[in-house]
Amino acid sequence: YLNRGRFILCCMFVPIAMLLGFTENILLAAGQDERVSYFAGLYVKCYLPGLFLQVMNDTQRRFLNALGKTVIPLCTQVIGVSLHLLWSWLFVFHFELGVMGTAYAGIITNGTVLTLNIICAYSMDSVKPAIVAPGAYMWQGIGDYLEIGLPCMLMVLLDGGAWHLMTFTCGFLGVDA
């Protein structure tokens with residue numbers, strides 16, 4: 001399931017990333033404030049690699065959780081969040097990169113957490129048998145996988161969409177409100 005999940009997420013990430021590349025234009029077309037649209041678009045473009053790392057880490061985390069190794073993702077996330085404070089301070093305040101610094105800090109944090117999760121998984125003898133190279137086996141039982149995955153995806157989209165709608169609505173309040 002790990003390789004199948006990675007493959008599907010990579011396939012889905014391409015069109016999503018293309019859409020996110022037009023964040024500023026979409027927000028401007030919807031009547032959002034120019035400064036808000038500019039900075040949102042800038043952040044999204046800078047953070048795209050971090051978003052990909054976050055998606056891959058989510059897959060790795062779920063893989064480890066499914067194997068009962070829940071402490072590993074917890075510990076790596078605590079380490080990542082702790083370091084995120086340092087990265088944020090460094091990029092936003094020390095290097096004065098503003099919103100781009102926030103994105104860079106997120107990229108490094110997500111990369112660190114993913115790397116730690118992969119290293120821990122590959123170093124555990126009890127997990128090694130579950131780690132296999134991608135192959136044709138990934139397509140066996142794909143119907144069952146999608147039967148569970150598609151409704152879950154719909155629920156995540158509805159949940160995320162509600163939060164995005166609230167955030168989008170806040171943009172109409174203006175930057176000075």
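FYI, side chains are in, hydrogens and waters are out, and symmetry mates aren't considered; it's all heavy atoms of this structure.
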message: For F93, I'd like to know if atom CZ has over 12 heavy atoms of other residues, nucleotides or ligands within 6.0 Å.
response: no

query: Under the side-chain contact (heavy atoms from CB on, under 4.5 Å) criterion, do T109 and Q54 qualify, and how do the steps go?
result: CA-CA 9 Å; T109 298; Q54 182 179 352; over 6 Å; no

task: Check whether the ring centres of F95 and W89 lie less than 6.0 Å apart, and answer yes or no.
output: no

query: Going by distance alone, is a donor N or O of one side chain under 3.5 Å from an acceptor N or O of the other, for R61 and Q77?
result: no

message: Would you call the rings of Y43 and Y47 parallel, tilted or perpendicular, taking 30° and 60° as the class edges?
response: parallel

message: In this structure, would V78 and L83 fall into the same cluster of hydrophobic residues linked by side-chain contacts under 4.5 Å?
response: no

query: Side-chain heavy atoms under 4.5 angstrom apart, residues restricted to Ile, Leu, Val, Met, Phe, Trp, Tyr: same cluster for M124 and L74?
result: no

- request: Rounded to the nearest 0.5 Å, what's the gap from CE on M56 to CZ on F13? Could you check?
  value: 8.5 Å

task: Please examine the side chains of T102 and S88, heavy atoms only from C-beta on, and report whether any two atoms are closer than 4.5 Å.
output: no

query: Does any non-hydrogen side-chain atom of V44 lie less than 4.5 Å from one of L51?
result: no

- prompt: Does some side-chain heavy atom of N117 sit less than 4.5 Å from a side-chain heavy atom of L64?
  reply: yes

- line: In short, L114 meets L53 closest at the heavy-atom pair CD2-CD2, 3.9 Å

query: Would you call M100 and V92 a side-chain contact if the rule is heavy atoms closer than 4.5 Å?
result: no

message: With a 4.5 Å cut-off on side-chain heavy atoms, are Y104 and L90 touching?
response: no

task: Measure the CD1-CD1 distance between I119 and I72 for me, rounded to the nearest 0.5 Å.
output: 12.0 Å

query: Considering all heavy atoms of both residues, which atom of Q60 and which atom of A121 are nearest to each other, and what is their separation?
result: NE2-CB, 3.5 Å

- request: Heavy atoms only: give me the nearest K45-P49 pair and the separation to one decimal.
  value: O-CD, 4.3 Å

- prompt: Is the count of non-hydrogen atoms from other residues, nucleotides or ligands lying under 6.0 Å from M18 atom CE greater than 12?
  reply: no

- prompt: If you round to the nearest 0.5 Å, how far is CZ of R6 from CG of D58?
  reply: 12.0 Å

query: Is W87 linked to L97 within one hydrophobic cluster, defined over Ile, Leu, Val, Met, Phe, Trp and Tyr using a side-chain heavy-atom separation of less than 4.5 Å?
result: yes

- prompt: Can you name the nearest heavy-atom pair linking L27 to S37, along with the distance?
  reply: CB-OG, 3.3 Å

query: Taking it one step at a time, do V113 and I79 satisfy side-chain contact (heavy atoms from CB on, under 4.5 Å)?
result: CA-CA 8 Å; V113 175; I79 291 168; over 6 Å; no

Closest non-hydrogen atom pair between L67 and A130, with its separation: CD1-CB, 4.1 Å

Distance, nearest 0.5 Å, that separates CH2 of W163 from CE of M166: 4.0 Å

task: Verify the cluster assignment for I16 and L48: are they in a single hydrophobic cluster under the rule of side-chain heavy atoms below 4.5 Å apart?
output: yes

query: How far does SG of C152 sit from CD of E147, to the nearest 0.5 angstrom?
result: 11.0 Å

- request: List the atom of F91, the atom of A105, and the distance in Å for their closest heavy-atom pair.
  value: CD1-N, 4.0 Å

Close side-chain approach of N57 and N110, heavy atoms under 4.5 Å: no

- request: Could you grab the distance from atom CE of M153 to atom CD1 of I8, nearest 0.5 Å is fine?
  value: 10.0 Å

- prompt: In the single-linkage hydrophobic clustering (I, L, V, M, F, W, Y; side-chain heavy atoms under 4.5 Å), do F22 and F52 co-cluster?
  reply: no

Y38, OH: over 12 other non-hydrogen atoms inside 6.0 angstrom: no

- prompt: Going by heavy atoms in the side chains, are Y122 and V127 under 4.5 Å from each other?
  reply: no

task: Please tell me if the side chains of S126 and K69 come closer than 4.5 Å, counting only heavy atoms from C-beta onward.
output: yes

